[in-house]
Student: 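I have a structure here, written as C-alpha cells, and I will follow up with some questions on it.
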Amino acid sequence: MHHIRALHGTGYPRADASQPPSSITTGAATRALGDAELVVVRPVPFRSLCADHLLPFQGVVHIGHIDSENHLSTPELTRIVAACTRSIQTQQPMTIRIGLWLHHQLVPRGVGVLVKANYACAAAARGDAHLGRPATTMAFCGSMRHSADERQEFVALARRERHKGAAGQ
C-alpha cells in the first residue's frame, strides 16, 4: 500500500474499503420480496488503475445475491461498481470492497462478487501489444461465504452470463 500513500495530495482518489460510497444510492434502494433464489445481474464493465504500476486494468464485475431485503436496479449497481473501481488500487481489495458494500447496502442472506480483469501492466511486462489472459478474483459475504454449494452455483451462473454476453456481441 506504499504506492497509495505516496499519492496523497496528488488529486487522485485513494481506495478505502472502510468508506463505502453510500451517497450514490441514498434513498434509491426499494423494498422487494425475498424468495431464496440466487439473482445474478448482467456483468458490469469497469476501468481502474493498478496501484503497483499506475497502468490501467479493465474488465467486468459479476454480482449475485440471495434473499436481499433491498433491490438495486442495473444503473444503480453500475454506479456502485464505478465508485468502487475508479481509484488507484489492486484487484482483490477492490473485489472485497464491492462485496462488503453490497452486503451492507442490500442486506442479503448472501452476496458474491466475481471480477475478471485484463492488465495493461502485465502486457507491457511481456512486451505484448494486446492484453493477456484475465485475472479473476472473488469475494463472498454472508451465506455464500459459508456454503460451497451457493458459491459454486454463483460461479456457474456468472460464467454462463459471461458466455451469453460474449455470444451476443
Side-chain angles (χ1 to χ4, degrees), residues 1 3-4 7 10-26 28-29 38-65 68 70-106 108 110-125 128-142 144-145 151 154-169:
M1 295 302 255
H3 299 288
I4 293 176
L7 295 170
T10 63
Y12 285 98
R14 297 177 358 154
D16 184 358
S18 66
Q19 297 297 319
S22 58
S23 62
I24 294 171
T25 58
T26 302
L38 172 62
V39 176
V40 178
V41 299
R42 191 173 53 222
V44 179
F46 78 91
R47 296 179 61 106
S48 193
L49 283 175
C50 173
D52 295 328
H53 304 100
L54 294 180
L55 290 170
F57 67 99
Q58 62 188 18
V60 294
V61 177
H62 299 270
I63 299 168
H65 58 86
S68 178
N70 299 306
H71 171 75
L72 296 176
S73 67
T74 301
E76 290 166 331
L77 288 170
T78 301
R79 287 192 300 272
I80 291 163
V81 168
C84 291
T85 61
R86 70 173 152 228
S87 60
I88 299 170
Q89 59 197 324
T90 56
Q91 186 173 332
Q92 184 62 44
M94 179 188 81
T95 305
I96 293 168
R97 182 176 187 216
I98 295 167
L100 287 174
W101 194 94
L102 292 169
H103 182 67
H104 292 291
Q105 184 69 22
L106 293 176
V111 67
V113 177
L114 184 146
V115 176
K116 288 189 124 356
N118 289 302
Y119 285 78
C121 51
D128 291 346
H130 67 283
L131 299 176
R133 292 181 52 147
T136 301
T137 54
M138 293 181 256
F140 300 100
C141 299
M144 277 197 198
R145 184 177 178 97
R151 287 191 306 270
F154 166 68
V155 171
L157 287 172
R159 284 187 178 146
R160 186 178 316 150
E161 202 49 45
R162 183 183 80 219
H163 293 302
K164 188 181 350 174
Q169 293 178 352

Student: CZ of Phe154 to NE2 of His65: how many Å apart, nearest 0.5 Å?
Tutor: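 One gets 10.5 Å once the value is rounded to the nearest 0.5 Å.
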Student: For Ala82, enumerate each residue passing the side-chain contact (heavy atoms from CB on, under 4.5 Å) test, keeping only those at least two apart in sequence or located in another chain.
Tutor: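 Result, side-chain contact (heavy atoms from CB on, under 4.5 Å) vs Ala82: none returned.
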Student: Looking only at heavy atoms, which two atoms of Met144 and Val111 are closest? And how far apart?
Tutor: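 Answer, listing the atom of Met144 first, then Val111: SD-C, 3.5 Å.
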Student: Kindly compute the distance separating CG (Leu102) from SG (Cys84), expressed to the nearest 0.5 Å.
Tutor: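 It is 7.5 Å, given to the nearest 0.5 Å.
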Student: Enter the distance from Thr85:OG1 to Arg47:CZ here, rounded to the nearest 0.5 Å.
Tutor: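 So the OG1 of Thr85 and the CZ of Arg47 are separated by 10.5 Å.
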Student: What residues, two or more places apart in sequence or in another chain, satisfy side-chain contact (heavy atoms from CB on, under 4.5 Å) together with Cys50?
Tutor: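 For Cys50, the residues satisfying side-chain contact (heavy atoms from CB on, under 4.5 Å) (neighbours in sequence not counted) are Asp52, His53, Phe57, Tyr119, Cys121.
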Student: Hey, what do you get for OG1 (Thr78) to CZ (Phe46), rounding to the nearest 0.5 Å?
Tutor: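 Here the rounded value is 13.0 Å.
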Student: If you compare all heavy atoms of Gly99 against all heavy atoms of Val113, which two are closest, and at what distance to 0.1 Å?
Tutor: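 So the two residues come closest at CA-CG2, 3.6 Å.
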Student: Take Val41 and Leu72 through the side chain to side chain contact (heavy atoms under 4.5 Å, CB included) test and state the conclusion after the steps.
Tutor: CA-CA 10 Å; Val41 299; Leu72 296 176; over 6 Å; no
Student: Please report the shortest heavy-atom distance between Ser87 and Ser48, naming the atom on each side.
Tutor: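 Closest heavy-atom pair between Ser87 and Ser48: O-OG, 2.9 Å.
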Student: Check whether any side-chain N or O of Thr95 sits under 3.5 Å from a backbone N or O of Leu114 as a donor-acceptor pair, and report yes or no.
Tutor: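 Checked: no pair found.
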Student: How close do Glu76 and Ser73 get, counting heavy atoms only, and between which atoms?
Tutor: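 Of all heavy-atom pairs spanning Glu76 and Ser73, the closest is OE1-N, 2.7 Å.
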Student: Going by side-chain contact (heavy atoms from CB on, under 4.5 Å), name the residues that satisfy it together with Arg42, two or more places apart in sequence or in a different chain.
Tutor: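 side-chain contact (heavy atoms from CB on, under 4.5 Å) check on Arg42 returns Thr74, Glu161.
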Student: Atom CD of Gln92 and atom CZ of Arg97: how far apart are they, to the nearest 0.5 Å?
Tutor: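 It comes to 14.5 Å.
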Student: Which distance, rounded to the nearest 0.5 Å, do you find between the CD of Gln91 and the NZ of Lys116?
Tutor: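 So the gap between those two atoms works out to 9.0 Å.
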Student: Here's a test for you: under side chain to side chain contact (heavy atoms under 4.5 Å, CB included), which of Met138, His62, Met94 qualifies with Val115?
Tutor: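 Only one option passes, and that is Met94.
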